[in-house]
Amino acid sequence: MVRPLTLLLVRHGQSEWNAAGLMQGQTVHVPLTELGHQQAAVAAAELAALTTAGTGPGALLSSDLLRAVQTAEHCATATGLPVTTTAELREQGYGVLEGRPSRELWDVVDWTDVHWAADGGESLAQLHARVAAFLGRLAADPPAEVVALVTHGDTIRAAQAVAAGLGPAEMPVVTPHNGTVTVLELQ
């Protein structure tokens, strides 16, 4: 019997654009706020506690976007693990909508169509497919039995759907809070 791969999905701490209510998507340079660093430290402490208990991560992978990398640095310090970054763990791309106030997007985005994407962006279906492909490769050749993935809200929701065998239309509607750890088992 094959053991399931345990994923510890860490959502990055609050970024400057989270605090300002701006759509981030795959904008590379957005840093954490002071609160975001505090949230990242809390998530890192949770990973460290799991490590002390013998159930912590043996590998630490992160989105290559700054807000995730800064969060992953906290996790690396707490666990002693090196960080490996990958673009495959990036947030959903929102193209031309990135940097705009999120509240303006309710009339622009078709939230009911999983194939809708802003110009230069990525649809929910494309995000789901990207995350499914990444998780498939990870499960086929895991670097450890428990892997921490520092990533983004929509990416976590896509991973949850993939693990449950659900498509992009059935992704969970609740996004984990900044700086939280979500445990996921991949069969």
Side-chain angles (χ1 to χ4, degrees), residues 7-47 57 59-79 81-109 111 116-135 137-138 147-160 168 171 174-182:
L7 300 179
L8 304 173
L9 304 171
V10 180
R11 183 171 178 211
H12 64 80
Q14 181 193 64
S15 73
E16 289 181 359
W17 283 17
N18 285 138
L22 301 177
M23 181 62 73
Q24 311 183 89
Q26 295 185 0
T27 300
V28 176
H29 66 276
V30 182
L32 297 179
T33 61
E34 183 57 37
L35 174 59
H37 281 287
Q38 293 169 10
Q39 292 169 331
V42 169
E46 186 173 339
L47 295 183
L60 178 58
L61 308 177
S62 176
S63 159
D64 62 349
L65 301 177
L66 180 59
R67 59 197 185 268
V69 170
Q70 288 180 325
T71 302
E73 289 168 350
H74 286 275
C75 297
T77 299
T79 62
L81 295 170
V83 179
T84 301
T85 60
T86 176
E88 292 178 293
L89 287 173
R90 284 183 173 189
E91 179 61 286
Q92 179 179 358
Y94 285 98
V96 298
L97 300 179
E98 293 180 17
R100 289 184 54 188
S102 298
R103 68 184 176 283
E104 292 179 1
L105 303 182
W106 288 108
D107 296 330
V108 176
V109 176
W111 302 104
W116 182 91
D119 289 342
E122 178 180 42
S123 70
L124 276 177
Q126 290 169 317
L127 168 69
H128 185 277
R130 172 169 52 89
V131 171
F134 173 77
L135 293 181
R137 287 189 300 280
L138 188 64
V147 179
L149 303 178
V150 182
T151 188
H152 309 271
D154 290 343
T155 309
I156 291 172
R157 293 184 319 109
Q160 291 172 314
M171 284 174 44
V174 176
T175 301
H177 293 291
N178 292 103
T180 58
V181 179
T182 301

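No hydrogens, no waters, no symmetry mates; every other heavy atom, side chains included, goes into these values. This one's a predicted model, so the numbers in the text were calculated from it and none came from an experiment.
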(message) What I want to find out is whether R90 reaches E122 closely enough, with some N-O distance under 4.0 Å, to be called a salt bridge.
(response) no
(request) Before giving the answer on side chain to side chain contact (heavy atoms under 4.5 Å, CB included), spell out for L9 and V181 the whole-Å C-alpha distance, their side-chain angles and the decisive distance to 0.1 Å. (result) CA-CA 5 Å; L9 304 171; V181 179; over 6 Å; no
(request) For Q24, check side-chain contact (heavy atoms from CB on, under 4.5 Å) against everything at least two apart and list the hits. (result) H12, S15, W17, N18, V30, R67
(request) Could you tell me whether the side chain of T71 and the main chain of A40 form a donor-acceptor pair under 3.5 Å? (result) no
(request) For L65 and E91, work out which heavy atoms get closest and say how close. (result) CD1-N, 4.0 Å
(request) Starting at OG1 of T182, measure out to CD of Q160 and round the result to the nearest 0.5 Å. (result) 5.5 Å
(request) Begin with the C-alpha distance, continue with both residues' side-chain angles, and end with the deciding distance and a verdict on side chain to side chain contact (heavy atoms under 4.5 Å, CB included) for Q39 and L35. (result) CA-CA 6 Å; Q39 292 169 331; L35 174 59; 3.9 Å; yes
(request) State, to 0.1 Å, how close P57 and L8 come at their nearest heavy-atom pair, and which atoms those are. (result) CD-CD1, 3.8 Å
(request) Report yes if some heavy atom in the side chain of L89 is under 4.5 Å from a heavy atom in the side chain of L61; otherwise report no. (result) yes
(request) Locate the shortest heavy-atom distance separating V150 from C75; write the atom from each residue and the value. (result) CG2-SG, 4.3 Å
(request) Evaluate the side-chain proximity of E16 to L66: yes if any heavy-atom separation is below 4.5 Å, no if none is. (result) no
(request) Answer yes or no: is there a donor N or O on one side and an acceptor on the other, between the side chain of E98 and the main chain of Q26, under 3.5 Å? (result) yes
(request) Find out whether T151 and V10 are in side-chain contact, i.e. whether some heavy atom of one side chain is under 4.5 Å from a heavy atom of the other. (result) no
(request) Side-chain contact test, heavy atoms from C-beta onward, threshold under 4.5 Å: evaluate it for F134 versus L149 and give yes or no. (result) yes
(message) Between Y94 and D119, is there a side-chain donor-acceptor contact under 3.5 Å, judged purely by atom types and distance?
(response) no
(message) So T175 and I156, do their side chains get closer than 4.5 Å, heavy atoms only?
(response) no
(request) Determine whether L7 and L138 make a side-chain contact, defined as any pair of heavy atoms from C-beta on separated by less than 4.5 Å. (result) yes
(request) Look up atom CG in L127 and atom CE in M171, then write down how far apart they are to the nearest 0.5 Å. (result) 5.5 Å
(request) Determine the minimum heavy-atom distance between S62 and V83, stating which atoms define it. (result) CB-CG1, 3.8 Å
(request) Measure the shortest side-chain to side-chain distance between L97 and L105 over non-hydrogen atoms and say whether it is less than 4.5 angstrom. (result) yes
(message) A side-chain contact here means heavy atoms from C-beta on lying under 4.5 Å apart; do S102 and L22 qualify?
(response) no
(request) Give the minimum heavy-atom separation between P176 and G153, together with the two atoms involved. (result) CD-O, 4.4 Å
(request) Quick one: pull up CD in Q92 and NE2 in H128 and give me the separation to the nearest 0.5 Å. (result) 12.0 Å
(message) Testing the basics here: between W116 and V109, what is the closest heavy-atom pair and its distance to 0.1 Å?
(response) CZ3-CG1, 3.7 Å
(request) Can you sort out the partners of Q14 under side-chain hydrogen bond (donor to acceptor under 3.5 Å, both in side chains), two or more places apart, ordered by chain and number? (result) T33
